[in-house]
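Data block below; observations after.
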Amino acid sequence: MWIEPRMSSFKKEVVSLLSETTEVPPEEIASRLEYPPDGSFGDLAFPCHLLSKRLKKPPQAIASELAERLSPRASIDRIAATGPYLNFFADPAILATEVVSSIISQREDFGFSDEGRGKTIVIDFSSPNIAKPFGVGHLRTTVLGNGLYHIFSKLGYKLVRVNHLGDWGTQFGKLITAFKLWGDEARLEKDPIGELFDLYVEFHRRAETDSSLEEKAREEFRKLEKGETETSEFWRRFKDLSLQDFDRIYRLLGIEFDSYAGESFYNPYIEKTIEALKSAGLTRVSEDALIVDLEKYGMPPCLLKKRDEATLYATRDIAAAIYRYETYKFHKNLYVVGSAQRLHFQQVFKVLELMGYPWSKDCHHIELGWIKFEKGAMSTRKGNIVFLEDVLSKSVELVKSIIEEKNPTLEDQDRVARQVGVGAVVFWDLSARRNKDINFSWEEALNFEGQTGPYLQYTHARLASVMRRYGEPLPPHPDLSLLSGAQEQKVIKLLSRFPEHLQRAAFDYEPYHLVSYLLELASAFNSFYQSQRILCEDLNLRSARVSLAEATRTVLKEGLRLLGMESPESM
RNA sequence: GCCCCCGUAGCUCAGCCGGACAGAGCAUCUGCCUUCUAAGCAGAAUGUCGCAGGUUCGAGCCCUGCCGGGGGUACCA
């Protein structure tokens, strides 16, 4: 059960009041409290169905009885029964003062927690395959992993971002074979990824009719694993060229890694790992392959070595997990990888458990849905793929033309276009829960209206603009109790919930929770903005509203940062 | 065959632990820029929550079966 670790003083008050009178433990009360669907019902609701069995009374009676007995205190303004619900209303003045002033004073640290102090989380994400183009399909793991990195960091954890490059395996045998047969040296220099990609597609096309190619590829990979010079040279070159290409994309997205230890990195640890498995009596030979039998656990066997002695990715993942524990002593070890690999990770984690590692339970596969095309799935092998770089640059171009049309005098247009263009694509990817398959369409990924990244960025720019117009230091002692209007209160209530949404996003490994929260916040603010003037005549009210605007700006900006997006000051 | 995920408005998706009338955005239609950025706001319209049973005071949510889509199921990752 998810227990919310931090509460506003209003919620604490409600919890303790209810707990005292009903003798239900505070934790249970806290976990049962709901936000009413509509503000007119109240700010927090306690469903009395829960007590109805114990007290042998209908919930409606319990609610009205409790409403009679309980008296409001401190930050609780009013208590009322509505049907089976007991509704609590927060004191608007106290709430406004508490929330706005704490955001103003804590600034971007608002929502920070030290729950993760002294704990390390290893997060494996992005992990593209060397020598293949970086497709939109790779966006999910990259953006989601980066989001989780920011979110957990904010909760005080120390994060180790690992880019587990796919730089090993039979695919390199294929590439080397193809390059030897049909490679174009000059083109490799000029357009490395393009050349390698075409060779890869060519290989698979020809392999359909020529089965000797697959055999040649396996032979090349065997040479690579043995460290033969000529083969290793090819590999090294392909890898370096690819990394340069990826680096360009990571810079555009503002993503960094702490380690690029990919599959090849663990090569020296493989034999040791296999020996450990053997001496633990876990392995056996079956159909000429070395396996760990997992039938007892309802899973197919975990393959460690193929018939031809070459290793598989399960072997490398086992070695990598052990390495990561020994190196980082992680509290959690996360794999942000497509759900297609679910069984693979179940097998790997089970093998680690059988090896006697108690930390195997701290390894989690953060499953992701696919990015699909209307016309069937993407496949690198078949060559139908949309390059992420094309999507990003198209988006940036489109933003540029919109700026020219809407805000031609804007300074630093290229920079803003990049921030907004990239932000739109990043946000699009985060705009559904992570295990959902999403369809790639240019129209949707490059939409800038409604629930989109640019909408949030625009709201931020608008706030920044108001603050510029205000042009003075923040008022030192605003009377925040003046923020009693319905729209102001709605924004304030949402601001107060930022920490819990953050917490929930971390708990579920689901940045989407943060996404939907930010949309709600932006919408509530825009609603307020449209109907009330912030820089109004009444100076006391102006001070209070400016403070509210600044608090909203702070939370929006910080939220966007956590999602890996920038917040332009104007756009 | 077996296992897993998904099915909610024309489209894309929310719906927290079973709880108040099933909600947003896009698209469509109607208003609002001489006042803080209209990439915005206000409003209208749109539903057999895949189908059939069951559990429950109460089911979009839990259980069973079926239908449809996707994925996995020993030498790709």
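Just the heavy atoms: all of them, side chains too, but no hydrogens, waters or symmetry mates, feed the values below. In what follows, chains are A, B, ... by sequence order, proteins preceding strands, each numbered from 1.
C61(B) and G18(B) have their P atoms separated by 11 Å, with the value rounded to a whole Å. Here the separation of C26(B) from A39(B), taken at their P atoms, is 13 Å to the nearest Å. Across C11(B) and G47(B), the matching C1' atoms stand 14 Å from one another, rounded to whole Å.
You won't find any donor-acceptor pair under 3.5 Å spanning the side chain of Glu449(A) and the base of A39(B), going by distance alone. A donor and an acceptor atom never sit less than 3.5 Å apart when one is taken from the side chain of Tyr458(A) and the other from the base of A39(B). With hydrogens and angles ignored, a donor-acceptor pair closer than 3.5 Å exists between the side chain of Ser286(A) and the base of A74(B).
If you check every strand for non-hydrogen atoms under 4.0 Å, Ala461(A) touches a base. When heavy atoms are screened at a 4.0 angstrom cut-off, Arg545(A) is found touching no nucleic acid atom at all. Residue-level contact check: Leu165(A) touches neither bases nor backbone, having no heavy atom under 4.0 Å from any strand. Across all strands, Ala45(A) comes closer than 4.0 Å to base atoms (heavy-atom distances).
The phosphate of A39(B) (OP1 or OP2) has no side-chain N or O of Arg462(A) nearer than 4.0 angstrom.
Side-chain polar atoms of Asp317(A) and Tyr266(A) form no donor-acceptor pair below 3.5 angstrom. For the residue pair Arg316(A)/Asn267(A), the side-chain donor-acceptor check at 3.5 Å is not satisfied.
Among the nucleotides A74(B), G40(B), C36(B), the one closest to the side chain of Arg533(A) is C36(B).
Less than 6.0 angstrom separates the ring centroid of Phe345(A) from the ring centroid of Tyr335(A).
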Item to check | Candidate pair His138(A) and Phe246(A), rule ring-ring contact (aromatic ring centres under 6.0 Å, His included), full reasoning | outcome: CA-CA 11 Å; His138(A) 248 85; Phe246(A) 297 158; 8.0 Å; no
